[in-house]
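The block underneath contains the structure these notes are about, expressed in structure tokens.
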Amino acid sequence: FLIHCEGTRFTEQKHQISMQVAEAKGLPKLKYHLLPRTKGFAVTVQCLRNVVSAVYDSTLNFRNNENPTLLGVLNGKKYHADLRIPLEEVPEDEQECSNWLHKLYQEKDAFQEEYYRTGTYPAVPIVPPRRPWTLLNWLFWALLLLYPLFKLLINMINSGSSLTLASFAFVIVMASVGVRWMIGVTEINKGSTYGNNDNKQKQK
């Protein structure tokens, strides 16, 4: 079960609004995170306490201030990620759970500060070894699933029909343009204004 306690993606405008809320509630200000929304997290923990035994907190960074996108991945660009996953115990009481989550985000902010300052987390880095079976597994399924497409393409080329080839090429180009357009919508700078409306309503 994956939950993003901030409720939305980070932007400078949302961060300013979030820190205004932190100041109003007497909470420590965060430099690199939005204030977590604790209600949903507390309810989730209460409902899943007898189902799961642990909570994993992850903080992911990309080296050299890279900003990864799905479009970049499709274009074959390499991104180098650093990930931290500590195991923590969560209190049962809703208020204590809320306080725990705020404290966790203060720790995450401190780790982020260290990462921006030094380029590494304040711990011994763990680099998992490369395993050839992952590549072999990917190649097997790629060849198996792409075989019908290649067979169709060869049959079209052998047919010698210019109209058929042109239609096929048009469909491929339009599909590629459509996928890239949909991926572009997911970029952070085109994200929602979620989190901004709350502040506007409070000002009215």
Side-chain angles (χ1 to χ4, degrees), residues 1-11 13-15 17-19 21-22 25 27-63 66-74 79-116 121-131 133-134 137-138 141 145 179 182-199:
F1 189 86
L2 179 64
I3 181 170
H4 296 277
C5 298
E6 298 96 326
T8 182
R9 291 180 289 187
F10 185 98
T11 65
Q13 183 181 8
K14 293 175 184 178
H15 181 252
I17 296 172
S18 182
M19 293 308 98
V21 175
K25 293 184 176 181
L27 296 169
K29 293 185 178 181
L30 307 175
K31 291 184 179 180
Y32 309 103
H33 297 83
L34 302 179
L35 201 66
R37 296 169 181 253
T38 61
K39 189 72 174 180
F41 177 78
V43 172
T44 302
V45 169
Q46 291 174 2
C47 295
L48 297 180
R49 184 167 293 276
N50 297 325
V51 180
V52 298
S53 58
V55 171
Y56 293 87
D57 164 52
S58 63
T59 301
L60 181 64
N61 277 287
F62 290 88
R63 298 175 191 172
E66 293 176 316
N67 185 22
T69 62
L70 289 176
L71 193 58
V73 173
L74 286 180
Y79 297 105
H80 301 281
D82 292 307
L83 181 65
R84 169 183 176 267
I85 309 180
L87 179 64
E88 301 283 356
E89 294 181 0
V90 184
E92 293 188 27
D93 180 74
E94 182 176 335
Q95 184 58 47
E96 291 181 359
C97 180
S98 176
N99 295 338
W100 177 89
L101 186 60
H102 281 296
K103 183 179 179 182
L104 175 64
Y105 265 73
Q106 293 163 26
E107 294 175 356
K108 287 165 69 73
D109 218 52
F111 275 107
Q112 193 69 33
E113 176 79 24
E114 179 71 12
Y115 188 88
Y116 279 138
Y121 288 113
V124 179
I126 300 175
V127 181
R130 292 189 177 186
R131 296 179 295 176
W133 297 113
T134 304
N137 182 57
W138 180 86
W141 287 108
L145 297 175
V179 168
M182 288 187 290
I183 290 175
V185 174
T186 67
E187 294 180 357
I188 291 180
N189 58 358
K190 300 178 182 178
S192 70
T193 57
Y194 180 75
N196 298 345
N197 294 333
D198 294 344
N199 187 63

Could you tell me whether Arg37 and Glu6 make a salt bridge, using a distance below 4.0 angstrom between a side-chain N and a carboxylate O?
no

With sequence neighbours excluded, residues passing side chain to side chain contact (heavy atoms under 4.5 Å, CB included) with Lys29:
Met19, Glu23

Would Asp109 and Glu113 count as a side-chain contact (heavy atoms from CB on, under 4.5 Å) if you check the C-alpha gap in whole Å, the side-chain angles of each, and the deciding distance to 0.1 Å?
CA-CA 6 Å; Asp109 218 52; Glu113 176 79 24; over 6 Å; no

For Leu30 against Gln106, the heavy-atom pair lying closest together:
CD2-CA, 3.9 Å

Residue pair Pro28 / Ala22: nearest heavy atoms and the distance that separates them
O-CB, 4.2 Å

Looking at Tyr105, does the NZ or CZ of Lys108 lie under 6.0 angstrom from its six-membered ring centre and within 45 degrees of the ring axis?
yes

Working to the nearest 0.5 angstrom, can you tell me the gap between Glu94 CD and Thr38 OG1?
7.0 Å

Nearest 0.5 Å, what's the NZ-CG distance between Lys39 and Leu101?
13.5 Å

Correct closest heavy-atom pair for Pro91 and Arg49 would be O-NH2, 3.0 Å

Just checking Phe41 against Trp100, ring centres under 6.0 Å apart?
yes

Just wondering, do His33 and Gln112 contact through their side chains at under 4.5 Å, heavy atoms?
yes

To the nearest 0.5 Å, atom OG1 of Thr59 lies from atom CG of Leu104 at 7.5 Å

Any Pro36 side-chain heavy atom under 4.5 Å of His102 side chain
yes

I want to know whether His15 and Phe10 have ring centres closer than 6.0 Å.
yes

Reference residue Thr44; test side chain to side chain contact (heavy atoms under 4.5 Å, CB included); the match among Val52, Ile3, Val55, Val90:
Ile3

Tyr116/Tyr32 aromatic ring centres below 6.0 Å:
yes

Interatomic spacing from CZ in Arg130 to OG1 in Thr134 - rounded to 0.5 Å
11.0 Å

